[in-house]
Amino acid sequence: MKLENERLSVEISEVGAEVTRIFDRKTQTDILWEGDPAFWKRHSPVLFPNVGKTYHNVVLINGTHYPTSQHGFARDGHFKCICETGNKASFLLTSGEESKEVYPFDFELIITYTLEGPVLHVEWEVRNTGDEDMYFTIGGHPAFRFAGKDEVKTDYLLRFPGKDALEYIIVNEAEAAADPDTIFRLELDHECCGLSEELFDIDTLIFDHGQIDEVWLCHKDGTPYVGMKCEGFPNFGIWSMKNAPFVCLEPWMGRLDDVGFDREISEKPDINKAVPGGSFKQDYTILLP
């Protein structure tokens with residue numbers, strides 16, 4: 001599936017409804033990571049019904065424990081294209097017997113992509129087609145590749161408009177869960193912090209409490225390369241692999257479990273709920289300067 005306008009060419013796979021290419025016609029540059037398995041085989045997966053891992057890889061729903069996989073099953077699900085125009089496409093994933101073995105809710109997940117000039121709009125809609133309250137987290141995971149063939153992390157910086165510092169937490173590696181009690185401070189210089197390999201020594205930087213609603217990946221001279229606007233998201237992740245020529249900017253509605261979380265899914269911090277017959281919507285945008 002391909003969406004195109006005068007500025008962008010965007011390719012989308014029906015597997016995971018995942019954007020696999022964002023090509024800037026103006027600069028003749030591929031913006032999205034190409035999925036080289038030498039580093040990371042994915043491009044821009046959608047995380048649902050769980051962002052990251054649940055504690056001990058299980059989730060408690062109405063008194064029953066269900067097994068979970070990291071980032072949920074939607075990223076590997078086969079979506080059906082239900083709308084297609086030159087600049088817009090919608091994809092549908094529906095619950096079934098297989099999904100109910102790990103997530104016992106009836107649902108429809110609709111992901112819509114819309115091109116508008118230099119902007120790609122991403123919208124998620126989660127419909128509860130069952131007869132009980134439905135709980136979930138959902139998130140984006142786009143990886144933005146560096147423009148130059150030989151460029152590395154230190155050739156780039158991140159800019160957070162209007163911010164002078166941010167606070168983040170990290171993953172407790174032994175528990176494979178978030179440690180909310182140890183908080184780190186990311187000092188910014190004129191709204192910016194430089195990228196480096198050392199920044200990701202602790203894996204993912206996790207920002208809670210709605211701190212990030214706009215972020216730009218910029219060249220080291222400050223020239224904007226690609227940006228993201230994500231108002232209303234309580235959580236945000238920034239991640240890369242060692243020596244990988246990309247960085248992931250991840251807007252999340254909810255996130256991985258905290259260390260020791262073993263209660264009902266409805267009690268999880270930042271959990272989302274769709275009532276029977278109701279729906280949940282959220283959106284963010286990827287934009288070029």
Side-chain angles (χ1 to χ4, degrees), residues 40 42 45-76 101-105 126 133-143 158 160 163 165-187 193 196-213 215 230 232-242 244 247-274 280 282:
W40 191 51
R42 302 184 188 269
V46 177
L47 318 179
F48 174 86
N50 53 281
V51 172
K53 288 191 173 186
T54 61
Y55 192 56
H56 290 170
N57 299 313
V58 295
V59 60
L60 183 61
I61 302 175
N62 295 330
T64 299
H65 285 99
Y66 294 86
T68 64
S69 57
Q70 184 173 5
H71 292 320
F73 51 76
R75 64 180 182 169
D76 296 312
E101 292 179 0
V102 295
Y103 185 67
F105 297 109
V126 181
D133 290 342
M134 172 183 168
Y135 298 93
F136 58 93
T137 57
I138 187 168
H141 200 319
L158 293 174
F160 304 90
K163 308 293 183 180
L166 296 165
E167 292 185 339
Y168 66 93
I169 62 173
I170 62 175
V171 177
N172 180 311
E173 293 186 0
E175 296 277 10
D179 178 6
D181 296 325
T182 304
I183 299 173
F184 300 86
R185 185 174 175 87
L186 183 65
E187 298 288 350
C193 76
S196 66
E197 293 296 338
E198 293 72 26
L199 187 64
F200 300 101
D201 281 347
I202 43 84
D203 194 71
T204 305
L205 283 66
I206 302 168
F207 301 84
D208 288 338
H209 312 303
Q211 295 179 77
I212 296 176
D213 55 17
V215 57
C230 50
F233 283 76
N235 319 101
F236 198 95
I238 300 177
W239 173 79
S240 185
M241 297 185 68
K242 186 173 181 61
V247 63
C248 292
L249 304 177
E250 308 178 34
W252 298 337
M253 297 297 297
R255 59 162 173 79
L256 71 164
D257 284 353
D258 290 338
V259 171
F261 182 80
D262 59 1
R263 301 190 299 278
E264 281 279 341
I265 188 175
S266 59
E267 300 178 50
K268 178 175 175 170
D270 295 321
I271 198 68
N272 305 294
K273 181 176 78 171
F280 164 98
Q282 185 57 281

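Remember, it's a predicted structure, so these values are computed and weren't measured experimentally.
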Show, in sequence, the C-alpha distance, side-chain angles and deciding distance for C193 and L186, and conclude whether the side chain to side chain contact (heavy atoms under 4.5 Å, CB included) test is met. CA-CA 8 Å; C193 76; L186 183 65; 4.0 Å; yes
Backbone N or O of [Y] within a donor-acceptor pair of the [X] side chain at under 3.5 Å?
{"X": "Q211", "Y": "E167", "result": "yes"}
{"X": "K268", "Y": "R255", "result": "yes"}
{"X": "N272", "Y": "M253", "result": "yes"}

Which distance, rounded to the nearest 0.5 Å, do you find between the [atom1] of [X] and the [atom2] of [Y]?
{"X": "L47", "Y": "H141", "atom1": "CG", "atom2": "NE2", "result": "6.0 Å"}
{"X": "D262", "Y": "T54", "atom1": "CG", "atom2": "OG1", "result": "11.5 Å"}
{"X": "I170", "Y": "D203", "atom1": "CD1", "atom2": "CG", "result": "9.0 Å"}
{"X": "D257", "Y": "N57", "atom1": "CG", "atom2": "CG", "result": "9.5 Å"}
{"X": "N235", "Y": "D208", "atom1": "CG", "atom2": "CG", "result": "5.0 Å"}
{"X": "M134", "Y": "I271", "atom1": "CE", "atom2": "CD1", "result": "10.0 Å"}

Test item: [X] and [Y] side chains (from C-beta on) under 4.5 Å apart, heavy atoms:
{"X": "D179", "Y": "D181", "value": "yes"}
{"X": "K53", "Y": "V171", "value": "no"}
{"X": "L205", "Y": "F184", "value": "no"}
{"X": "Y55", "Y": "D258", "value": "no"}
{"X": "N50", "Y": "V59", "value": "no"}
{"X": "W40", "Y": "C248", "value": "yes"}
{"X": "Y135", "Y": "I61", "value": "no"}
{"X": "R75", "Y": "V46", "value": "no"}

Got a sec, which residues hit salt bridge (Lys or Arg N to Asp or Glu O under 4.0 Å) with [X], two or more places apart in sequence or on another chain?
{"X": "D76", "answer": "R42"}
{"X": "E187", "answer": "R185"}
{"X": "E267", "answer": "R263"}

Test of understanding: with ring-ring contact (aromatic ring centres under 6.0 Å, His included), list the residues that count as partners of F261, not counting sequence neighbours.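 Result, ring-ring contact (aromatic ring centres under 6.0 Å, His included) vs F261: none returned.
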For F236, check ring-ring contact (aromatic ring centres under 6.0 Å, His included) against everything at least two apart and list the hits.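 Residues passing ring-ring contact (aromatic ring centres under 6.0 Å, His included) with F236: none at all.
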Minimum heavy-atom distance between [X] and [Y], given as atom pair plus value:
{"X": "A274", "Y": "V126", "result": "CB-O, 4.3 Å"}
{"X": "L256", "Y": "G52", "result": "CB-CA, 4.0 Å"}
{"X": "P142", "Y": "G140", "result": "CD-C, 3.5 Å"}
{"X": "E197", "Y": "K242", "result": "OE1-CA, 3.5 Å"}
{"X": "G254", "Y": "P234", "result": "N-CG, 4.0 Å"}
{"X": "Y66", "Y": "E101", "result": "CD2-O, 3.6 Å"}

Passing option when T137 is tested against D270, V51, I265 for side chain to side chain contact (heavy atoms under 4.5 Å, CB included):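 Going through D270, V51, I265 one by one, the side chain to side chain contact (heavy atoms under 4.5 Å, CB included) with T137 is satisfied by V51 alone.
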Mutual orientation of the aromatic rings belonging to F207 and Y168 [parallel < 30°, tilted 30-60°, perpendicular > 60°]: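 If you compare the ring of F207 with that of Y168, the planes turn out tilted.
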Do the rings of F73 and F48 sit parallel, tilted or perpendicular, given the 30° and 60° boundaries?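 Because their plane-to-plane angle is over 60°, the rings of F73 and F48 count as perpendicular.
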Between L249 and L158, does the side chain to side chain contact (heavy atoms under 4.5 Å, CB included) criterion hold? Intermediate values first, please. CA-CA 10 Å; L249 304 177; L158 293 174; 4.1 Å; yes
Residues forming a side chain to side chain donor-acceptor pair (under 3.5 Å) with N172, sequence neighbours excluded: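 If we apply the side chain to side chain donor-acceptor pair (under 3.5 Å) test to N172, skipping adjacent residues, there are no hits.
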Steps toward side chain to side chain contact (heavy atoms under 4.5 Å, CB included) verdict (V247, I238): CA-CA 7 Å; V247 63; I238 300 177; 4.0 Å; yes
Run D213 and F233 through side chain to side chain contact (heavy atoms under 4.5 Å, CB included) and show every step you take. CA-CA 7 Å; D213 55 17; F233 283 76; over 6 Å; no
Under the ring-ring contact (aromatic ring centres under 6.0 Å, His included) rule, what do F280 and F136 come out as? Steps first, then yes or no, please. CA-CA 10 Å; F280 164 98; F136 58 93; 5.2 Å; yes
